[in-house]
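Presented below is the structure to which this report refers.
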Amino acid sequence: MRIEAITLRRLRMRLRTPFEASFGVIRDRDVVLVEVNADGVTGWGEVTATPEPIFTYESAATAALVIRNYLVPQIVGKSVASAADVQGLLSGVRGHEMAKASIENALWDIEGQQKSVALAQLVGGTRQEIACGVSIGMQASPEVLVEKVRTEVQAGYQRIKIKVCPGRDLDCIRAVRTAFPKILLSIDANSAYTLDQVDHLKRFDEFDLLMIEQPLWWDDIFWHAKLARQLKTPLCLDEPIRHARDAQVAIEMGAAKVINIKLGRVGGHSEAREVQAVCLENKVHAWCGGMLESGIGRAHNIAVSSLPGYTLPGDVSASKRYWDEDLIEPEVEVSAKGTIPVPTAPGLGYRVRTELIERLTLEKETWRAR
Ligand code: OSB
Ligand code: MG
């Protein structure tokens, strides 16, 4: 594949409802899209970073800067045998996995189209449908939260995750668990607690939670291992897992019984596959996380979720939960049993709505090979 052109775009997309977590409220996503043209074929990737650096250190703006200043010059005009090989060209740039993932993933879309293979199959997927859960942001009161959960349970979602932070945890978890004694329920703290709060965290054990996601610091694995020994509920790591080695460390140290795999956070499809393999080998559960993606990131998430290591329902849910109009056609829909069919058409498997993207684009820049 010869990389002939790269177009970087910034779009502003308003969420249907603001999403609140311990890191703050997200009302709009600054969707940075990468459109790569190789051998005359166009592929799409999305930067999954939050608008500000509130999840990890990456933001939409840092990713755009890294892509423009450091990644594009390494790849425009270059040839790679396959999409996975592009990481070799980008490895001189440290970190910034979400920036790198957008480029690698666009190349996987191209490779799928060139080989007439669906992206899911190309990356090693084996399932025809994926199991879906939802991540529900913090709400005005436990009562409002219970009604939100009811809507999603009735829609068929197989696992419910609620966001928590100190002061907005026990009442919410108790209300949801009382209303729904049997559902698969998990919580995500996005680093809202410290080890001083162990006694408080122990109180979550009574609610039969599937897991507690990232209770401690965003960049920590070690102290999670200490915490894990004091809790009955399994811990799931999200923020600090950047690659397969991190997953290995987390598992060997006993910091995680479950791993949330996010394509952007690990730098793209090839590393996500490795993380998935580590989980499978070690019989540790994994599932596909979400970053409030547009349809483009969502389509990539559906493809990875079809790999065998994704053993629990993920956070990949229907387009209409986030957007009035999504960037792909058809939009992502979830069946009454809480599943999404894995597309079988070559590449992403959805039509990218370029006219809509053009309409929503605030800024765009193109670099061409000479
Ligand atoms: O921690 O999983 C997270 C959204 C933005 C940033 C981080 C997270 C989330 C979610 C929502 O939980 C997942 C989704 O619905 O896309
Ligand atoms: Mg999380």
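In this text, all values refer to a predicted model and were calculated from it rather than measured experimentally. Order of appearance sets the numbers: ligands from 1, and atoms from 1 within every ligand.
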**OP:** Report the relative orientation of the aromatic rings in Trp217 and Trp223; use parallel for angles under 30°, tilted for 30 to 60°, perpendicular for over 60°.
**Re:** perpendicular

Provide the number and element of each atom of ligand 1 under 4.0 Å from a heavy atom of [X].
| X | value |
| --- | --- |
| Glu213 | 2 (O) |
| Ser135 | 10 (C), 11 (C), 12 (O), 13 (C) |
| Asp315 | 12 (O), 13 (C), 14 (C), 15 (O) |
| Lys163 | 1 (O), 2 (O), 3 (C), 8 (C), 9 (C), 10 (C), 12 (O) |
| Phe55 | 1 (O), 7 (C) |
| Asn190 | 1 (O), 3 (C) |
| Lys262 | 1 (O), 2 (O), 3 (C), 7 (C), 8 (C) |
| Tyr322 | 14 (C), 15 (O), 16 (O) |

Subject >> Atom OH of Tyr70 with >12 non-hydrogen neighbours under 6.0 angstrom >> reply: no

Original post:
Got the closest protein heavy atom to atom 13 (C) of ligand 1, with its distance?
Top reply: Gly290 O, 3.3 Å

Original post:
Which heavy atom of the protein is the closest neighbour of atom 16 (O) of ligand 1, given with residue, atom name and distance?
Top reply: Leu292 N, 2.9 Å

How about [X] and [Y]: does a side-chain donor come under 3.5 Å of a side-chain acceptor?
| X | Y | answer |
| --- | --- | --- |
| Ser22 | Asn190 | no |
| Ser317 | Tyr322 | yes |
| Arg9 | Thr361 | yes |
| Glu104 | Ser270 | yes |
| His300 | Asp109 | no |
| Asp188 | Gln214 | no |

Is there a polar contact, in the sense of an N or O pair closer than 3.5 Å, between [X] and ligand 1?
| X | value |
| --- | --- |
| Arg298 | no |
| Phe23 | no |
| Ser317 | no |

**OP:** Determine whether the aromatic ring centres of Tyr57 and His96 lie less than 6.0 Å apart.
**Re:** yes

**OP:** Tell me whether the guanidinium CZ or amine NZ of Arg27 lies under 6.0 angstrom from the six-membered ring centre of Phe19 and within 45° of its axis.
**Re:** no

**OP:** May I ask you to establish whether Arg14 and Trp323 are in a cation-pi arrangement, using a distance under 6.0 Å from NZ or CZ to the six-membered ring centre and at most 45° from the ring axis?
**Re:** no

Original post:
Between Glu58 and Arg265, is the closest basic N to carboxylate O distance under 4.0 Å?
Top reply: no

**OP:** Could you check which N/O/S atom of Asp188 is closest to the Mg ion (ligand 2)?
**Re:** OD2

Subject >> Shortest-distance N, O or S atom of Asp238 relative to the Mg ion (ligand 2) >> reply: OD2

Subject >> N, O or S from Glu239 under 2.8 Å to the Mg ion (ligand 2) >> reply: no

Subject >> Contact check: Glu213 to the Mg ion (ligand 2), N/O/S below 2.8 Å >> reply: yes

**OP:** Applying salt bridge (Lys or Arg N to Asp or Glu O under 4.0 Å), run through Glu46 and Arg29 and close with a yes or a no.
**Re:** CA-CA 12 Å; Glu46 174 173 346; Arg29 266 208 70 222; 2.5 Å; yes

Under 4.0 Å from ligand 1, counting heavy atoms only, is it the side chain of [X], its backbone, both or neither?
| X | value |
| --- | --- |
| Val134 | neither |
| Asp188 | side chain |
| Gln214 | neither |

Subject >> Heavy atom of Glu239, distance to ligand 1 below 4.0 Å >> reply: no

